[in-house]
Each structure stands twice: as C-alpha cells, then as structure tokens.
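Everything on this sheet refers to the single structure shown next.
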Amino acid sequence: MWSSLISFIPSFSVFFQALMMLLIPQTFFFVTKVYRERVRIFEKNSQNHQTNENNSDENQDVPKIAGHLDNDLELLKVKIGHNSDVHFRDFNIKLLNRKATLIFVEGMQQSDFINKHILNPLMIEGYSQNIPYQVNIAKYVKEHLLPVIHVNEMDNIHTLSRMILYGYTGLLIDGMSTALLVGIPDAPSRSIEEPVSDALIRGPRVGFTEVLSENTALLRRHGLNDNLVINADYVGNKSQKTMVMAYMKDIANDELVSEIKDRITKLDFDYFAESGYVEQLMEDNIFSPFQQFQNTERPDKVIAALLEGRVAILLDGTPFALIAPASFMMLFQSPEDYYQRWISGTFTRILRIGVAFLSLFAPALYISFISFNPGLIPTQLAMSIIESRQGVPFSSILEVLILEISIEILRESGIRLPKPIGPAMGIVGGLVVGEAAVRAGLVTPFLVIVVALTAISSFTIPEYSLGISIRLLRFVAMFFAAILGLYGTIIFFLLLSTHLIHLRSFGLPYLSPIAPLQAGDNKDVLLRSPFKFMRDRPKSLKTKK
C-alpha cells in the first residue's frame, strides 16, 4: 500500500521513497503505541480512582464488631452468606463466664488442631487459672489461653469474614470488641515429591508443591542465608492468591528488584490460576515465541539463580517458580551439568544446543535440499532419496507436514491420555503411522528418519516451554524453506537471530553473554568450566558483589 502511495509522487528519488516507506509505518506504529499507552494509563487511573472511592464508601459502611455476640454473629452470617462449609461452634468459656463462637471452614483447618489448641484450652485447661479482676479479654486470651503461634485481632466484620473464608479460624467472645483469628489455613496437600518436569539422574529428589508456605520453607532450608528476602503480596482482583518474591538482598541489583516489585503491583487480573498467568502479564515482549522467565519445580535451581543475582517469584497453588531475568542460553542448562564433572557437563550441554538446532531446522533443510538444492546432497544419498520418492504424490512440504502434524497429534494425545496407556499409545501410534505412511507411498523412509530424529531431539531440551517454542518455529522454518529453499532457511535464521538479539528480559539482553559479548560470563554458557574458575557472578546482572 505504501509503495503505491509513494509512487504517486514523481519528484521523490527512489532512495527517499524507500526511506518514506520505512519511516511512515514506523511513525504510525509509534504514534499508535503511545496513544494506546496513554489510554491504558488513563483507564488505569480512572479505575484506581473509582476503586478508591468505592473503598472509601465501603470503609464508611463497614460494620465494626460491637462486643455483643448475638448481633456480631448475625452481621457475620449476613456477610458470609449461605455457605454450607462454614461452621459456627458455640461454647462457653467458664473461666471468663462468657459465651463464645468459633467459626471455621471445613477442610481448611485440621479438626485436631481446633480441638487441642483452641477448644480444649478455652473450655477445660483455662478453668483452673485465676483471672485478674480487670483484664483486657482479647489480650488475656491471646497471652494465657491459646497455645498457638498465629493469633491476630480483627475489629471489623468485613475483614473477619474474608479471612475466615480464606481458611483462618475466627473466635468471637461476648463482650470483646475484637475478633481473634487463630492459626493459618491448613488445606489438604500432596507430599513433597520428585519434580516431574525437571527430572535428574543425579541430584536432589525434592520439588516444590502447591502449598506456598512449604515452598518458601524449602528455599529457607536449602539455602541457609540470612540475606534471603521473601516478600509476600496478594494478587487477583476477584479471587486473591498469595505471591512471593524472593531474592538475596546483598547480591541482587536494586533496580531489578524495584522493577519486578513495580510490575507485581501493576498486575491487574481477576484470577491467577498458575504462575504462567504472572509470566505472561509481566514479560517484556508478549509477541515473542520465547519465554522471558525461566520456570522450574526445583528448589536447588531457584537457590542457584538467587545466588547469581536473579529474582524468583512463587505463587500459591502451583509448584512452578519463575526466575527472572532469563537468558536464552540458561534455558539449555540443567542442574545436572553442575552435579557431574565439568567435562561431562560441557559435553551434554553442547549436545543439547546442537540437538535443539537440529530439531528446529532438520525438516526445513530436508525441504530445501529435496526441492531446491539437491546438488548439495552427496550423489549416492541423492539418488537413494530420489529413488525412494518415486510414486510419492505430494510435494516435499506436504510430505513433511503430513508426518510432522501426525507426530504432533500423537505427542499431544500421549500427554492427555491416562498415564498407564499414554506412552504405549504413543509408541504404537508412531510405529503404525510411520510404517503405514511409508507402505502407502505417502512419505519416504528417509523423511520418517528425519522427523523421528527431530521429535526425539526436541525432548532433550531441559525447558519444556522452550521445546514448544521450537516446535512452533519449526513449521515457520519449513514454510520459508518451501518458498525460497536454502535461501529461505538462511533468511529465517537471520530473522530469528535478529529477534533474539533485540529481545530483553527485565532489561537483560536475551542472548547475553554472547550478544553483547561478556567475555567473563562465557565460562558457563557453552562450556561448563571447572568450579575453580567459576567464582564470579555474571557481570551482565550487575550484582552488588
């Protein structure tokens, strides 16, 4: 469109026309981007203003706990609504000669905890104590009657009802103008197991779980360091979850920590089901196929990243922690590289990178060589492939697409099927589809080898999300090769390299320390140097020490 427009101006030179063709779309894109950003900020400010007004109105209307048990319970029941899993347990505290009610959600607290640490001290053990004549009831109950660590006071019905529904146990006592929140939520959870997505031969068999407090405890236990900072915050507009940011205060760059904190405070979404939501809302480039966080289930991997000067984000309800900033090369690193000798670690790392390259470009190179550049293939091999292609009715791109899509369908169905039959179905399906396709003359045996090698290669990438990105880009590379042959494959490689060079993760160049070159940091990229030479932290992270 722009070329047609510019060509109507005859006085312009060709160079100027080309310059205008370049500048006009970019100017339009920049103006649109600024306009959308301004609109977004305006809407955000309007929303915050409206929220503040609503909060102000709500604060004025929030009913306070008056100290009359029946009235307070009536207000609380109205606020909580008709929830069958919320229990109200009435009892008498004989020591204080007062009525009391315990409120809790079934399944969010252990009944043994309530019986042993709340009801028993209040109803039986406290009976033998001598209470002073004038005493603050809430303070006395906290300090003398409840043998639990977590006890907090609440003075309004709204906060009390919300915290009870979050899993805390509420205690209302007649004549007490505050309520007590006892204990912390203790919902059923699975035990600590070996990570599924980060399996190792040699290494700790400990992985994160869905319980955030257990995950932070694992970080504390595996990385004994008094400089480990763990900051918690709530995220989610409609359904809230706790999210934790962890970093080493004596190592991590202050600007990086501030930037991540700032992005966390700007998270605006109704519900965060998994850390993938956080990842997609906080990343720098939403149109890139590459992840800008590293995700892992392993505490040892997180601790190693924190000691390098990176920041970890953990969300309640998911075993996957996020590490930022991330670089492209760290996605090929496995903790096992460091648990083996440096020679073995270097070999397996180089193997992974080479195999990822093969996984991305092998089908595209097959199409290029078969359709455009057969002269680049050794003569004997070319004759063998040409002979095997006799009778195949499809072009090379269609031939590859048939087999690649079949493999993707088998892989996806293998993941979704029940565990006992999933792997068997994948193997049987692969064999049947491959053999049947060759016998039917739809594909060549050589292509079956290429696609099978490509599929197996993609499993060697330690980061599952990166494997998905490479699978997606493989199809793009195939279309480039189908249009321009080997030139198309090279153009795709150059475009991909350009994108990776421009990509950033919280200000860190995605291809660092290769581009821009940081000579000192290259001791742990392709080569896993001996630990004797790896005492310095990555300079690209600009750590404090």
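Taken to the nearest 0.5 Å, the OG atom of Ser327 stands 11.0 Å off from the CG atom of Leu503. Within the model, atoms CG of Asn215 and OG1 of Thr318 stand 8.5 Å from one another, a figure rounded to the nearest 0.5 Å. For the atom pair Met282 CE and Ile264 CD1, the distance stands at 4.5 Å (nearest 0.5 Å). Note that CD1 of Ile251 is 11.0 Å distant from CG of Leu541, once rounded to the nearest 0.5 Å. Expressed to the nearest 0.5 Å, how far OH of Tyr247 lies from CG of Leu307 amounts to 15.0 Å. Here the straight-line distance linking atom CG of Leu526 with atom CD1 of Ile350 works out to 6.0 Å at 0.5 Å rounding.
Side chain of Thr489 to main chain of Gly485: a donor-acceptor pair is present (N/O by atom type, distance under 3.5 Å, no hydrogens or angles). With Lys523 contributing its side chain and Phe533 its backbone, the two residues share a donor-acceptor pair below 3.5 Å. In this structure a side-chain-to-backbone donor-acceptor pair under 3.5 Å is present from Ser413 to Leu410. Formation of a donor-acceptor pair under 3.5 Å by the Lys544 side chain with backbone atoms of Lys249 is found in this model. Arg504 places a side-chain N or O within 3.5 Å of a backbone atom of Ile501 that can act as its donor or acceptor partner.
A salt bridge does not link Lys542 with Glu255: every distance from a Lys NZ or Arg NE/NH1/NH2 to an Asp or Glu carboxylate oxygen is 4.0 Å or more.
Looking at Val451 and Val443, their side chains never come closer than 4.5 Å, going by heavy atoms from C-beta outward. The shortest side-chain heavy-atom distance between Thr444 and Tyr366 falls under the 4.5 Å cut-off. Taking 4.5 Å as the limit, every side-chain heavy atom of Leu358 sits out of range of all side-chain heavy atoms of Thr454. Using a 4.5 Å heavy-atom threshold, the side chains of His222 and Val206 count as touching. Looking only at side-chain heavy atoms (C-beta outward), Leu219 and Phe208 come within less than 4.5 Å of each other. Taking the side chain as every heavy atom from C-beta outward, Arg352 and Gln333 never approach each other to under 4.5 Å. Side-chain contact between Met243 and Ile313 is present, with heavy atoms from C-beta onward closer than 4.5 Å. Within the 4.5 Å cutoff, no side-chain heavy atoms of Pro445 are placed close to those of Val448.
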(request) Please report the C-alpha distance between Val235 and Val278 in whole Å, then the side-chain angles of each, then the deciding distance to 0.1 Å, and finally whether the side chain to side chain contact (heavy atoms under 4.5 Å, CB included) criterion is met. (result) CA-CA 9 Å; Val235 291; Val278 181; 5.6 Å; no
(message) Could you go through Ile405 and Phe475, starting from their C-alpha distance and side-chain angles, then the distance that decides it, and tell me whether this counts as side chain to side chain contact (heavy atoms under 4.5 Å, CB included)?
(response) CA-CA 10 Å; Ile405 291 174; Phe475 285 95; 4.1 Å; yes
(request) Just do the side chain to side chain contact (heavy atoms under 4.5 Å, CB included) check on Thr348 and Glu336 with the steps written out, would you? (result) CA-CA 9 Å; Thr348 51; Glu336 209 166 11; over 6 Å; no
(request) Determine, step by step, whether Asn231 and Lys261 satisfy the side chain to side chain contact (heavy atoms under 4.5 Å, CB included) criterion, reporting the C-alpha distance in whole Å, the side-chain angles of both residues, the deciding distance to 0.1 Å, and the verdict. (result) CA-CA 10 Å; Asn231 286 334; Lys261 277 183 182 175; 3.7 Å; yes
Less than 3.5 Å apart, which donor and acceptor atoms pair up between the side chains of residues 459-467 and the rest of the protein, not counting sequence neighbours?
{"from": "Thr460", "atom 1": "OG1", "to": "Ser457", "atom 2": "O", "distance (Å)": "2.6"}
{"from": "Glu463", "atom 1": "OE2", "to": "Gln291", "atom 2": "NE2", "distance (Å)": "3.1"}
{"from": "Glu463", "atom 1": "OE2", "to": "Asn295", "atom 2": "N", "distance (Å)": "3.1"}

Extract all donor-acceptor atom pairs below 3.5 Å that involve side chains of residues 375-382 and protein atoms in other chains or at least two apart in sequence.
none

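With no hydrogens or angles considered, no side-chain donor-acceptor pair links Gln518 and Ser540 at under 3.5 Å.
Below 30°, between 30° and 60°, or above 60°: for Phe480 and Phe492 the angle between ring planes is between 30° and 60°, a tilted geometry.
Between Ala482 and Phe372, the shortest heavy-atom distance links the atoms O-CZ, 3.3 Å. Considering all non-hydrogen atoms of both residues, Ala324 and Leu256 come closest at O-CD2, 4.4 Å. Contact between Ile230 and Ala246 at its shortest, heavy atoms only, is CG1-CB, 4.2 Å. Residues Arg310 and Glu308 approach most closely at NE-OE1, 2.9 Å, considering heavy atoms. The two residues Gly207 and Pro299 make their nearest non-hydrogen contact at CA-CD, 4.1 Å.
For residues 282-323, the ring pair (Phe, Tyr, Trp, His ring centres under 6.0 Å) pairs, not counting sequence neighbours, are Phe290-Phe328, Phe293-Phe506. Applying the salt bridge (Lys or Arg N to Asp or Glu O under 4.0 Å) test to every pair with at least one member in residues 404-413, sequence neighbours left out, gives these pairs: Glu404-Arg474, Glu408-Arg411, Glu408-Arg471, Glu408-Arg474, Glu412-Arg416. The stretch residues 277-304 participates, sequence neighbours left out, in these salt bridge (Lys or Arg N to Asp or Glu O under 4.0 Å) pairs: Arg263-Asp284, Arg298-Asp300.
Within 6.0 Å of atom CZ in Arg535, 12 or fewer heavy atoms from other residues, nucleotides or ligands are found, so the atom counts as exposed in its surroundings.
Residues satisfying the salt bridge (Lys or Arg N to Asp or Glu O under 4.0 Å) criterion with Asp524, sequence neighbours excluded, are Arg349.
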